[in-house]
Every structure is written in C-alpha cells, then in structure tokens.
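Here the structure is laid out as structure tokens; the discussion comes afterwards.
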Amino acid sequence: MLDIKRIRDNFDEVAEGLRRRGAAPELAEKARDLDAERRRLVTQGDELKTLRNSRSKEIGALKKSGQDTSAVQAEVRGIGDRIAELDERLRVIEAELETAMLMIPNVPCKTIPTGPDASANRVAKVAGEPQQYGFQPLDHITLGEQLGIFDLPRGAKITGSGFPLLLGNGSKLQRALIQYMLDMHTEQHGYTEMLPPFVVNTASMRGTGQLPKMAEDMYHCEIDDFWLIPTAEVPVTNYFRDEIIDRPLPVYLTAYTPCFRREAGSAGKDTRGILRVHQFDKVEMVKFVEPEKSYEELETLVSNAEDVLQGLGLHYRILELCSGDISFSAAKCYDIELWAPGQQAWLEVSSCSNFEDFQARRLNCRYRDASGKPRLVHTLNGSGVALPRLMIALLEQCQQADGSVLLPPAIRPYLRGLERLQPVATSA
RNA sequence: GGAGAGGUGGCCGAGUGGUCUAAGGCGCAGCACUGGAAAUGCUGUGUGCUCUUACGGGCACCGAGGGUUCAAAUCCCUCCCUCUCCGCCA
C-alpha cells in the first residue's frame with residue numbers, strides 16, 4: 001500500500017510512476033479525492049464528539065447534585081444522532097478508500113528501465129558459459145523418466161495434474177538441495193532459519209499483498225477461512241505483522257516451504273513436466289531493513305541467491321526487470337534465470353524484490369529509529385531458490401553422454417557421497 | 001470436541017456505568033544530590049488519525065468486531081487467542 005500522504009502531497013510523481021508500470025492513475029486520483037472527503041468528515045465528527053464528551057460529563061455532575069438532566073440528555077442524544085450519521089458516511093468513504101488503496105500498485109524505483117513488458121528487461125549479468133555437449137541434450141522429462149526419479153502420472157492420479165511426485169534419488173536430491181541452500185544461507189549469509197505454518201489466515205495474505213488481487217490463484221479452505229501459502233514470503237514476512245520489531249535491524253529470515261498455486265489463467269501453459277506446477281518446494285529469503293539501506297540490501301540478497309547457483313557450478317543470468325514487468329508490490333526486482341539446455345530456454349528460479357515500505361504499511365510492521373520513533377521498515381524477499389526449475393536445470397546442465405547425471409560436488413555430501421544419478425532399466 | 005478461568009500501556013497489576021485525563025509498582029530517559037556510583041527525590045515517558053505556519057489543540061484506542069446508554073475498560077452478543085482439566089489423536 002502506498003502512503004496516502006504521498007498521493008496527497010506528490011500526486012504527479014505517483015501518477016508518473018504508475019504510468020511507467022502501465023497502470024492507470026485513475027485509482028490514485030480517486031484515492032486522493034476520497035482522502036479529502038474523509039478528512040473533512042473526520043474533522044466535523046471530532047468537533048461533535050468534543051461537544052458530546054463535555055456535555056455528557058455535565059450530565060454526570062448534574063446527576064450527582066440531584067438535578068434534572070432530561071433536557072441535556074435530549075440535546076446530547078441529538079448530537080449522538082448527527083455523529084452516527086457522519087460516522088456512517090465516514091465508514092463508507094473509508095471502505096472505498098481502502099479498496100482503492102489496496103488495488104494501487106507500488107511506484108517503481110526511478111532507476112529501473114522503463115518499458116511495457118518483459119521485452120524491456122535488462123540483462124544485468126551472465127554467469128558461466130553454456131556447456132558444449134557432444135550429443136543432443138535431453139530435456140528433464142526424458143531424463144527424469146530414464147533416471148526413475150519422477151512419477152508424474154501417479155502424482156496426477158493421487159491428486160491431479162501439476163502435483164508432482166518425486167521418487168527415490170529424485171526425492172533425495174530435492175531434500176539434499178533444500179538442506180544445501182538452508183545451510184548456506186544460515187551459515188554463510190547470516191539468515192535465521194524458520195519453519196513456518198504452510199497455511200495462513202486472511203490477514204496474513206492481505207499483509208503481503210496476495211489479497212485481495214490474487215484470491216483466484218490460491219487454494220482456500222472455506223470452513224476455516226485459511227489459505228495454502230503460495231510462497232514462504234507470506235508466513236515469514238507476516239512474522240512481524242502488527243509489531244514494532246524489538247531487535248536490531250537488519251533481520252534476515254530464511255525458510256523452506258512447499259508452495260501451492262492454482263495457476264488460474266495459465267491453463268495449457270508449460271504443462272509438461274515440472275516447469276509449472278500447483279505444488280512445489282522453495283527456499284525463501286526475507287529481509288527487514290532500515291529504509292536507507294534497502295537498495296544495498298537488495299544487491300546482497302541477489303548475491304545470496306547467486307551463491308547457491310555458483311556453488312553448484314550452474315550457468316545463469318540475472319535480469320533487471322523493467323517498470324512494466326515488476327510485480328504489484330515491488331519497487332525494484334531482479335530475476336535470476338537458469339539455462340536449460342534440453343529445452344534451450346532460460347528458467348526463472350528466483351525473483352529478488354525490494355518492496356520499500358509498501359508491504360510494511362499493509363503489515364503495520366515498524367522499527368524504532370535512532371530517536372526512538374516508530375517507523376515503517378523496508379521489506380525484501382527473494383527465492384533462494386525454487387526447486388523444480390533448479391532440478392530441471394541441474395539435470396539438463398549436468399547430463400552426460402551415457403544418460404547419467406553427474407552431480408555437482410557441493411551437493412554430494414548431502415547425498416552420502418553419491419556422485420552420479422544412473423539411468424534405471426525401463427520397459428520402453 | 002466438552003467444561004472452566006483469563007486477555008488492561010514496554011512489563012506487572014488495580015479498576016464491574018459518570019473528574020478514567022486508566023491508580024500503584026517495575027523499567028526507561030532527564031535533572032538534583034554524589035569525588036563517582038548506589039540509594040533517594042523530582043520531572044517526563046504509548047500508538048494512530050486529524051486541525052494548526054508554529055506553539056499547541058481535538059478525536060480514537062483497555063484482544064477484535066458489533067450492540068445497549070446522554071455516557072462503556074466496566075453491561076450484552078459474536079469471534080480470536082492463552083491457560084487448566086476431561087475426551088480424542090500421529
């Protein structure tokens with residue numbers, strides 16, 4: 001959520017920012033007008049309440065001295081009626097304002113490229129080289145079948161398509177990668193590990209901005225009004241919701257969780273294999289930082305995610321997203337993409353964003369500055385990293401002529417020294 | 001799931017309809033006293049919204065949301081959370 005004062009006092013700057021990301025500034029105009037009306041009603045109402053408070057006190061004093069109060073009571077009742085009327089109008093205005101504010105996206109950072117869509121994203125870095133194979137590299141689906149590490153048809157039988165089932169060494173590799181990443185972030189990057197609830201309430205979803213816009217993309221338990229998390233960002237960032245953080249900043253948290261996404265509206269897209277699924281695992285990093293430091297913290301956040309990929313010796317690139325491609329809540333965002341030689345494509349495995357105070361305002365998450373005054377924190381998060389696409393790229397980049405996959409040395413200790421995934425005998 | 005007890009400021013804790021402008025204590029900050037400290041004394045110490053050039057006002061907030069009333073921390077209703085006992089359970 002943007003600061004209403006920013007819309008009030010710097011409307012042109014906000015409108016320009018919204019235009020840059022392709023959002024219409026009408027909602028901001030509406031918010032500005034509703035805010036003016038709201039303040040008018042608040043001022044009027046407060047004046048009447050002042051009057052009611054003092055007159056009511058007089059009644060108390062009169063009663064004590066045994067005098068008749070019916071005339072004053074009638075007067076105060078009248079004041080009360082007018083207050084109720086104003087409060088009702090205020091309630092409506094505030095609800096409309098809230099609705100408008102929740103639908104206004106963040107203003108993009110001034111330094112990011114301006115553009116309408118992904119085509120204007122800037123390649124900030126390319127790390128490593130595409131491997132040269134003396135053979136036609138296979139895609140992860142074929143590899144996974146040969147190695148016997150996926151059983152997607154049975155996943156679909158048990159639940160439905162998009163609910164992958166890993167088996168044997170596939171399952172072990174996934175577990176190893178999770179532990180490798182968590183160990184790196186906690187031991188080398190200063191994060192505190194957390195294992196949060198995978199199901200959250202509506203207030204949490206609103207806090208990080210998934211609601212109200214993304215309701216259709218999430219799994220909802222009607223009876224309890226609980227939601228399955230689409231990313232660990234939700235429970236981890238909500239850790240400090242409605243709090244003044246009582247420890248020194250920055251605070252770095254990391255968590256492994258499964259993620260559940262209905263992927264409504266993407267039917268038929270990337271449906272093969274585990275590229276786009278309804279349930280996947282991810283290690284997430286979340287930072288709570290002082291506002292002045294959030295942009296340098298974004299750079300280290302990206303490098304924390306890069307370290308995971310560098311440690312595995314994988315070929316990747318980093319995109320600086322343009323104003324038209326960053327997500328609703330972000331002011332600036334880097335995507336990290338891994339090269340998948342089997343399908344000759346870049347796969348997004350991490351999205352590292354600075355939300356400035358946009359999430360913190362919804363979350364009501366603050367810290368005390370040097371003078372002791374509560375102030376909104378800046379929040380950031382980044383995948384560190386998402387597992388299905390890491391698995392895909394790893395399988396495809398590390399495949400060998402004999403159909404085996406040579407595991408990166410960094411992951412072997414987590415697999416009791418296993419060096420290679422070997423094809424299993426198949427009936428085909 | 002059943003029965004009961006609770007939720008008050010940074011913390012503890014009083015308050016069961018009207019100077020509550022939330023007592024008292026602890027903590028914290030400043031000042032005084034001191035060679036310095038402790039102890040002691042004094043003063044101050046929440047958040048949000050809003051009005052004001054400023055100084056400084058006003059309103060709201062006692063788990064959340066409704067209701068009753070001229071007036072609610074206090075009475076009523078719904079919900080959430082914590083604790084105790086019982087039941088069920090990996």
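Nothing here was measured: the structure is a model prediction, and the numbers come from that model. In what follows, chains carry the letters A, B, and so on, assigned in the order in which the sequence lines appear, proteins first and then strands, with residues in each chain numbered from 1.
The residue Lys63(A) sits close to a base: some heavy atom pair falls under 4.0 Å.
In a base pair of the Watson-Crick type (N1 to N3 plus N6-O4 or O6-N4) or a G-U wobble (N1-O2 and O6-N3), with each distance short of 3.5 Å, A23(B) is matched with no nucleotide. With a cut-off of 3.5 Å on both pairing distances, the Watson-Crick or G-U wobble partner of C42(B) is G30(B). Checking G87(B) for Watson-Crick or G-U wobble geometry (two distances, each under 3.5 Å) identifies no partner in any strand. Across all strands shown, C59(B) forms a Watson-Crick or G-U wobble pair, both distances under 3.5 Å, with G48(B). Within the shown strands, C70(B) is the pairing partner of G18(B) under the Watson-Crick or G-U definition, both distances less than 3.5 Å. Of all nucleotides present, none satisfies the Watson-Crick or G-U wobble test against G35(B) with each distance under 3.5 Å. For U82(B), the paired nucleotide is A5(B), the pair qualifying as Watson-Crick or G-U wobble because both relevant distances are below 3.5 Å. The partner of A54(B), taking Watson-Crick or G-U wobble pairs whose two distances both stay under 3.5 Å, does not exist in any strand shown.
Atom P of nucleotide C49(B) and atom CZ of Arg8(A) are separated by 9 Å, given to the nearest angstrom. Between Asp246(A) atom CG and G27(B) atom C1' there is a gap of 15 Å when expressed in whole angstrom units. To the nearest angstrom, C1' of U47(B) lies 17 Å from CZ of Arg375(A). What separates CG of Leu51(A) from C1' of A71(B) is a distance of 14 Å, to the nearest Å. Between Asp242(A) atom CG and C81(B) atom P the separation is 15 Å, expressed in whole Å. Atom CD of Glu98(A) is separated from atom P of C49(B) by 14 Å (rounded to the nearest Å). Atoms CD1 (Ile59(A)) and P (A72(B)) sit 11 Å apart, rounded to a whole Å. Atom pair Arg39(A):CZ and C59(B):C1' shows a separation of 16 Å (rounding to whole Å applied).
Side-chain proximity of Arg366(A) to G48(B), C70(B), U50(B): nearest is G48(B). Comparing C59(B), U50(B), U47(B) against the side chain of Arg368(A) picks out U47(B) as the nearest. Of the candidate nucleotides G48(B), C51(B), C70(B), G48(B) has the atom nearest to the side chain of Pro374(A). Side chain of Lys49(A), nearest nucleotide from A71(B), A60(B), U47(B): A60(B). When distances are taken from the side chain of Ser56(A) to each of C70(B), C59(B), U50(B), the shortest belongs to C70(B). Distance from the side chain of Thr43(A) is smallest for C51(B) among the nucleotides U47(B), C51(B), C70(B). Listed candidates were C59(B), A71(B), C49(B). Nearest to the side chain of Val42(A) is C49(B).
For Arg82(A), the CZ atom counts as loosely surrounded, since its 6.0 Å shell holds 12 or fewer non-hydrogen atoms of other residues, nucleotides or ligands. Heavy-atom neighbours of Phe198(A) CZ from other residues, nucleotides or ligands within 6.0 Å: above the threshold of 12.
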| request: Apply side-chain contact (heavy atoms from CB on, under 4.5 Å) to the pair Leu312(A) and Gln397(A), showing each step before the final yes or no. | output: CA-CA 11 Å; Leu312(A) 297 171; Gln397(A) 286 193 27; over 6 Å; no
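Under 4.0 angstrom from either OP1 or OP2 of C49(B) there lies at least one side-chain N or O belonging to Lys5(A). When the side-chain nitrogen and oxygen atoms of Asn53(A) are compared with OP1 and OP2 of A60(B), one or more of them lie within a distance under 4.0 Å. Remark: Arg38(A) is not in phosphate contact with C49(B), judged by side-chain N or O atoms under 4.0 Å from OP1 or OP2.
Judged by distance alone, with hydrogens and angles left aside, the side-chain atoms of Arg21(A) form a donor-acceptor pair with the main-chain N or O of Ser327(A) at under 3.5 Å.
Taking atom P on both G13(B) and C31(B), the two are 33 Å apart, rounded to the nearest angstrom. As rounded to the nearest Å, C61(B) and G24(B) have P atoms that lie 23 Å from one another. A distance of about 10 Å separates the C1' atoms of G10(B) and U45(B), rounded to the whole Å. For the P atom pair drawn from U40(B) and G58(B), the interatomic distance equals 36 Å after rounding to whole Å.
The stretch residues 73-88 of chain A touches RNA chain B through Gln73(A), Val76(A), Arg77(A), each having a heavy atom under 4.0 angstrom from the strand.
With rounding to the nearest 0.5 angstrom, the OG atom of Ser329(A) is 11.5 Å from the CG atom of Asn354(A). Leu253(A) contributes atom CG, which lies 5.5 Å from atom CZ of Phe288(A) (distance to the nearest 0.5 angstrom). Put simply, NE2 on His278(A) and CZ on Arg261(A) are 12.0 Å apart, with the number rounded to the nearest 0.5 Å.
When Glu297(A), Glu296(A), Glu233(A) are each tested for a salt bridge (charged side-chain N to carboxylate O under 4.0 Å, His left out) with Lys287(A), only one passes: Glu297(A).
In this structure Arg375(A) satisfies the side chain to side chain donor-acceptor pair (under 3.5 Å) test together with Glu292(A), Tyr367(A), sequence neighbours excluded. Every residue meeting the side chain to side chain donor-acceptor pair (under 3.5 Å) condition with Arg19(A), not counting sequence neighbours, appears here in chain and number order: Glu16(A).
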